[in-house]
**Student:** 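Sharing a structure, written as structure tokens. Questions coming.
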Number of protein chains: 2
Amino acid sequence: MTSGQPLPQDPEPSLTIAQVAERTGLTHDTLRYYEKAGLIERIGRTTGNQRRYQTADLAWLEFLLRLRETGMSIADMQHFARLRSEGDATVADRLAMLREHRAGLADRIRALRRNATALDDKIDHYEQLLDERQQGTDETT
Amino acid sequence: MTSGQPLPQDPEPSLTIAQVAERTGLTHDTLRYYEKAGLIERIGRTTGNQRRYQTADLAWLEFLLRLRETGMSIADMQHFARLRSEGDATVADRLAMLREHRAGLADRIRALRRNATALDDKIDHYEQLLDERQQGTDETT
DNA sequence: ATAGAACCTGGAGTGCGCTCCAGGTCAAGC
DNA sequence: GCTTGACCTGGAGCGCACTCCAGGTTCTAT
């Protein structure tokens with residue numbers, strides 16, 4: 001088993017919302033919005049009702065950010081978060097979600113690479129146009 | 001010079017908005033919105049004021065779609081379209097825009113690939129969890 | 001000639017993902 | 001004790017990229 005309850009003298013590095021905002025690049029408004037929306041479970045509070053983020057909260061947030069950066073919608077992240085909160089019984093479902101998301105991501109990367117190549121062609125075309133234009137400034141054929 | 005004005009007997013393959021919608025995957029509303037927004041210049045009309053898209057319109061639309069798919073905003077596409085409508089003098093500006101967009105795209109593809117790798121790790125982790133859970137169903141260590 | 005589908009316009013409405021606001025509470029330094 | 005800045009809540013507002021609507025016109029097939 002693991003050892004400790006969060007005793008008072010536990011040096012668990014709890015962060016304020018401002019510190020988390022700086023670390024993640026999110027605003028405090030977005031952090032509160034994510035909590036309200038159920039993307040992150042209710043963050044622990046001080047006696048004065050102020051949030052204190054623990055290491056595990058940070059790790060989950062960073063995972064969420066990876067999902068977001070790869071284009072997952074808030075709705076899907078809510079779904080994933082709900083499954084997670086339901087415990088180990090939902091591991092298979094969560095795995096399925098991640099696999100599907102991963103597959104979609106692969107598709108999107110492939111599409112972007114194809115479009116990048118097309119863009120390169122267009123850029124080449126523009127470079128040629130520009131060369132001709134600059135060469136032709138004096139109208140001599 | 002090139003040869004023909006669009007004479008009546010010119011077999012220029014003009015398409016209705018519905019046909020263009022089907023070809024591009026855009027809705028007719030989106031096509032009209034893009035025209036209203038200045039992303040595409042005013043499409044030629046029949047005497048009865050209905051749009052007829054020409055080959056050149058299609059080509060431009062497909063280019064716009066590539067810009068969109070690679071994440072360019074409507075505002076930036078408007079900017080590009082405006083430059084284009086101003087003629088050859090803006091070739092250098094347009095080239096600069098495309099190069100910048102291309103560079104951002106490269107960054108985004110790199111970030112997606114990094115995130116994809118992180119996702120793969122997470123998936124591996126979930127697969128292991130699932131294996132343990134299935135093996136451990138009978139509680140024998 | 002006429003029915004019905006496709007098209008037209010200007011403008012309002014929608015969904016997403018935040019972002020801002022008002023009005024208050026809490027914590028730390030002077 | 002008091003000020004000042006960080007934090008709290010519920011709810012309204014915003015920008016983007018469409019999407020829909022009402023009311024009218026045009027095209028096509030019979």
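Throughout, protein chains are lettered first and strands after them, A, B, ... in sequence-line order, and every chain is numbered starting at 1.
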**Student:** Which whole-number value in Å describes the distance from B/Ile43 CD1 to C/dT9 C1'?
**Tutor:**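 Atom CD1 in B/Ile43 sits about 17 Å away from atom C1' in C/dT9.
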**Student:** OP1 or OP2 of D/dT9 sitting under 4.0 Å from any side-chain N/O of A/Arg45?
**Tutor:** yes
**Student:** Side-chain contact, heavy-atom cut-off 4.5 Å: A/Arg32 with A/Arg51?
**Tutor:**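 Yes, their side chains come closer than 4.5 Å.
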**Student:** For B/Arg51 and C/dC7, is the shortest distance between a side-chain N/O and OP1 or OP2 below 4.0 Å?
**Tutor:** no
**Student:** When you check the phosphate oxygens OP1 and OP2 of D/dT9, does a side-chain N or O of A/Arg32 lie under 4.0 Å from one of them?
**Tutor:**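 False: A/Arg32 side-chain N/O out of range (4.0 Å or more) of D/dT9 OP1/OP2.
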**Student:** Quickly work out the B/His28 NE2 to C/dT9 P distance and round it to whole Å.
**Tutor:**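 Roughly 13 Å, once rounded to whole Å.
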**Student:** Backbone N or O of B/Thr30 within a donor-acceptor pair of the B/Thr27 side chain at under 3.5 Å?
**Tutor:** yes
**Student:** Quick one: what's the B/S/- string for nucleotides 17-30 of chain D, heavy-atom cutoff under 4.0 Å, read 5' to 3'?
**Tutor:** BBBB-----SS---
**Student:** Compare every heavy atom of A/Ala37 with every heavy atom of A/Gln78, then report the nearest pair and how far apart it is.
**Tutor:** NE2-O, 3.1 Å
**Student:** Rounded to the nearest Å, what distance is computed from the CD atom of residue B/Glu22 to the C1' atom of nucleotide C/dC7?
**Tutor:**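 So the two atoms are 17 Å apart, to the nearest Å.
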**Student:** What is the distance, rounded to the nearest whole Å, between atom CG of A/Leu31 and atom P of D/dA6?
**Tutor:** 16 Å
**Student:** Give a yes or no answer on whether the side chain of B/Thr90 reaches the backbone of B/Asp93 with a donor-acceptor pair at less than 3.5 Å.
**Tutor:** no
**Student:** Check step by step if side chain to side chain contact (heavy atoms under 4.5 Å, CB included) holds for B/Phe80 and B/His101.
**Tutor:** CA-CA 11 Å; B/Phe80 193 93; B/His101 184 62; over 6 Å; no
**Student:** Looking only at heavy atoms, which two atoms of A/Met77 and A/Leu67 are closest? And how far apart?
**Tutor:**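 Scanning both residues, the minimum pair turns out to be SD-CB, 4.0 Å.
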